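What follows is a set of notes on a single structure, which appears directly below.
A, B, ... follow the sequence lines: proteins, then strands. Residue 1 opens every chain. Bear in mind that the values here come from a model prediction, so they are computed numbers and not experimental data.
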Protein chains: 2
Amino acid sequence: MEKDNTYFGVKEIARRANVSIATVDRVIHNRPGVSEKTKQKINGIIKELDYQPNILASRLASRKIISLAVLLPRVSEETDFWEAPLKGIRRAEAEIKKYGVQIQFYLFDLNDKNTFEEQIKAILETEVHGVLLSPSFIEESKQFVKTCHKLKIPYVFFDSNIPDQDNLSYIGPHLFQSGYVGAKLLTYRLKENHKVLVVNISKEIFNYNNLQIEEGFRAYFNDHNQSCEVIRVDIKDTDSLSVAKDLTRVLYEHEDIEAIFVTNSRVFAVASFLEKSKRTDISLIGYDFLKENIRFLNMGTIDFLICHKPEEQGYRGLMSLYQRLVLGAPVEKVHFMPIDIITKENHAFYQN
Amino acid sequence: MEKDNTYFGVKEIARRANVSIATVDRVIHNRPGVSEKTKQKINGIIKELDYQPNILASRLASRKIISLAVLLPRVSEETDFWEAPLKGIRRAEAEIKKYGVQIQFYLFDLNDKNTFEEQIKAILETEVHGVLLSPSFIEESKQFVKTCHKLKIPYVFFDSNIPDQDNLSYIGPHLFQSGYVGAKLLTYRLKENHKVLVVNISKEIFNYNNLQIEEGFRAYFNDHNQSCEVIRVDIKDTDSLSVAKDLTRVLYEHEDIEAIFVTNSRVFAVASFLEKSKRTDISLIGYDFLKENIRFLNMGTIDFLICHKPEEQGYRGLMSLYQRLVLGAPVEKVHFMPIDIITKENHAFYQN
DNA sequence: CCACGTTTCGGGTACGTACCCGTAAATATA
DNA sequence: TATATTTACGGGTACGTACCCGAAACGTGG
């Protein structure tokens, strides 16, 4: 069976315009050296034929490589969360490498703002065509993307967002709604009057992610005017000892707490505490598909995990740059990830 | 920036083997006309260099088109479930069309076995290189794939499986586990002693899917030795009147039923009944992201929907044939879909 | 009108692979 | 031994696009 030859390429365009292929090529790529008249003519024919370039041939013939920078937190001992986006990015890399795309990784330490700035400097010293970044440090990120914008380098945010930064796209969760889902799950089996605890474990005092989530969480109670009390506690030191200490105090002050909602992936620390202090009567919900979290999910200490497909975030983030830079295709400005609910029973089939 | 030329192609292989490109090509494609000795030599070099063919160039140069058949139920008035796989398949089609792949659709009526057999005959009359099918009618499907196997045409099952049929792959849910998850959700907020109802709405009396799901559902109660009673009812007529009639009877006989589990996407029929008869105290769980189901989810009549990414099933199903036939890459024998939990709060972000 | 620069364009080769066609050598047949 | 047939291989062109290089056409100032 033969390919259908209903396909019109540059050759056909050239024939119809009475010019050479080279001239058509110049028009397509907006290169100089074509009179206004013939340019008009050729563009007309292109539109008429709805010409779609053959990416295969295009990438094959092109000698250029496209160089992308990826800026994300290093996988730390504390949490293996960032393995997932990395994996997704590597998957995308493998897929598009043969199209002449090259990835450079720039890893920083979430506990050290300086490393973030260093990596930014390193990126700007090289010749990049696009950047994928997790804007963990807000002010520094803003500065950085402003520079990129001036240099006309497209950049994509993922995992968390900063609004109104002229980014090509944001790939990540709708944080508010995610907190909302958390509240629904938490209250699903509670009695009418209940007391719940929101735990925020994070070095950064002001954290856009956590705040957004908590807002959604509280909104649920408002919308369903449940007569309940939402306590909250900030734990700034992420080690398990500090967590245990702070929780002990809170649970002493409020002995009738029935459920705990942790606004990020550090729910395992809370689970560990509940386990040790034999408080398995308390419902527990938190975030992310970490090995430790799954362990406590299996044990029943954690009831639900919410997850936003971190691997796919990485994959899609890179792919959107590829789409823009290689295929020249338009890219969605915002791509919200699903708000996945993980239980003991379905985690085995979860696609992170 | 230039492409790195660390890439070894047929040219390099030919040079090292002291043969022409044509001969290397013959070896790669297992075409005759090469002595055993040179074949060995060339294969050695290929392995040594870990040669990866350039798909771009390969597809560009190839004149052949690859023709795939897709056999699935027609989208009916009763349920729009099959829109999703179709959409996924179309997405895959758009993606791989430019590589010279062509799709032919063969639609049958789920209520009419004859249409299934007709479509099978139609497929076998054409020249196909691969088949993607939902094996809704088990015996007929078995016959069909036996023929395909003889003709060395690879075939992929999706949505539901038939074990041990030499299929290239199965893409779909782990049904047992899916029922297990359903049970967990259903009992999550129930008291200790409870009575639940399993509803099986289906024209086919023997239905592999539903049975597998119910098995998983019951297994959960066994594993957690909950003191509960599981009633079950088969409803063979799928129209809403029959459903209402049968349910009325069952709920009259067992007036203390607290929760209902529907083993397929027809949960909206049950929801509609509960709504009309003002029995919104009963928890309800069912399957699939249908418009009707989402409506009742929003109203609160349905508590949870379980879903197995039908669109992605279609997409992946087609892509696995593409992987095998065009890229010559190995394909996973079984690819279980995630068991997604959908609520009123997260459905807006669900990716079907 | 000529010399020279600029604008505008076409020829042609390359990318890596597929595959047609032709041919020399090896083998079989008479 | 002469001829037919098969086997084993190489040359070369095509796929659709990118881009180098050179050349014709045009314009400008002297």
Q. Relative to the 5' end of DNA chain C, which residue comes earlier, I28(B) or T23(A), by the nucleotide with the nearest heavy atom?
A.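 Result of the comparison: T23(A).
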task = Assign each of I21(A) and T38(A) to its nearest nucleotide of DNA chain C by heavy atoms, then name whichever residue's nucleotide is nearer the 5' end.
result =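 First, find each residue's nearest nucleotide; the 5'-ward one identifies T38(A).
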Take atom [atom1] of [X] and atom [atom2] of [N], then tell me their distance rounded to the nearest Å.
X	N	atom1	atom2	answer
I46(B)	dT17(C)	CD1	P	11 Å
R15(A)	dT17(D)	CZ	P	15 Å
K11(A)	dT13(D)	NZ	P	15 Å
K41(B)	dC9(D)	NZ	P	10 Å
K37(B)	dA26(C)	NZ	P	11 Å
E12(A)	dT17(D)	CD	C1'	16 Å
L60(A)	dC19(D)	CG	C1'	14 Å
R31(A)	dT7(C)	CZ	C1'	17 Å

Checking all strands, does P32(A) fall into the base, sugar-phosphate, or nothing category for heavy-atom contacts under 4.0 angstrom?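 Since no nucleic acid heavy atom lies under 4.0 Å of P32(A), the category is nothing.
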Q. How would you label the contact of N54(A) with the nucleic acid (heavy atoms, under 4.0 Å): base, sugar-phosphate, or nothing?
A. sugar-phosphate
State whether a side-chain donor-acceptor pair under 3.5 Å links K41(A) with N18(A).
no
Could you check which of [options] has an atom nearest any side-chain atom of [X]?
X	options	result
D25(B)	dA18(C), dG16(C), dC20(C)	dA18(C)
S35(B)	dC9(D), dC19(C), dG16(D)	dC9(D)
V34(A)	dC19(C), dC9(C), dC20(D)	dC9(C)
R26(B)	dC9(C), dC21(C), dA18(C)	dC21(C)
V19(A)	dG10(C), dC19(D), dA18(C)	dG10(C)

Would you call K97(A) and E93(A) a salt bridge, taking side-chain N to carboxylate O under 4.0 Å as the test?
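Here K97(A) does not pair with E93(A) in a salt bridge, since their nearest N and O are not under 4.0 Å apart.
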Whether [X] contacts [N] is assessed here as follows: a side-chain N or O lying under 4.0 Å from the phosphate OP1 or OP2. Is that the case?
X	N	value
Y51(B)	dG16(C)	no
S58(A)	dG16(D)	no
K64(A)	dC19(D)	yes
H29(B)	dC19(C)	no
K39(A)	dT8(C)	no

- Kindly indicate, with the supporting measurements, whether the criterion side chain to side chain contact (heavy atoms under 4.5 Å, CB included) is fulfilled by L68(A) and V101(A). CA-CA 7 Å; L68(A) 303 180; V101(A) 180; 3.8 Å; yes
Comparing nearest nucleotides in DNA chain D, the 5'-proximal residue of the pair G33(B), A57(B) is G33(B)
Original post:
With ring centroids as reference points, do Y170(A) and F157(A) lie under 6.0 angstrom apart?
Top reply: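 No: the rings miss the under 6.0 Å criterion.
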Worksheet item: Within 45 degrees of the axis of the six-membered ring of F8(A) and under 6.0 Å from its centre: does R15(A) put its NZ or CZ there?
Response: no
Subject >> Over-ring placement of R74(B) relative to Y106(B), 6.0 Å and 45° cut-offs >> reply: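 Verdict for Y106(B): no cation-pi partner in R74(B).
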Query raised in the report: Under the 3.5 Å rule, do the base of dG16(C) and the side chain of R59(A) count as making a donor-acceptor pair?
Result: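 Side chain to base: no pair present.
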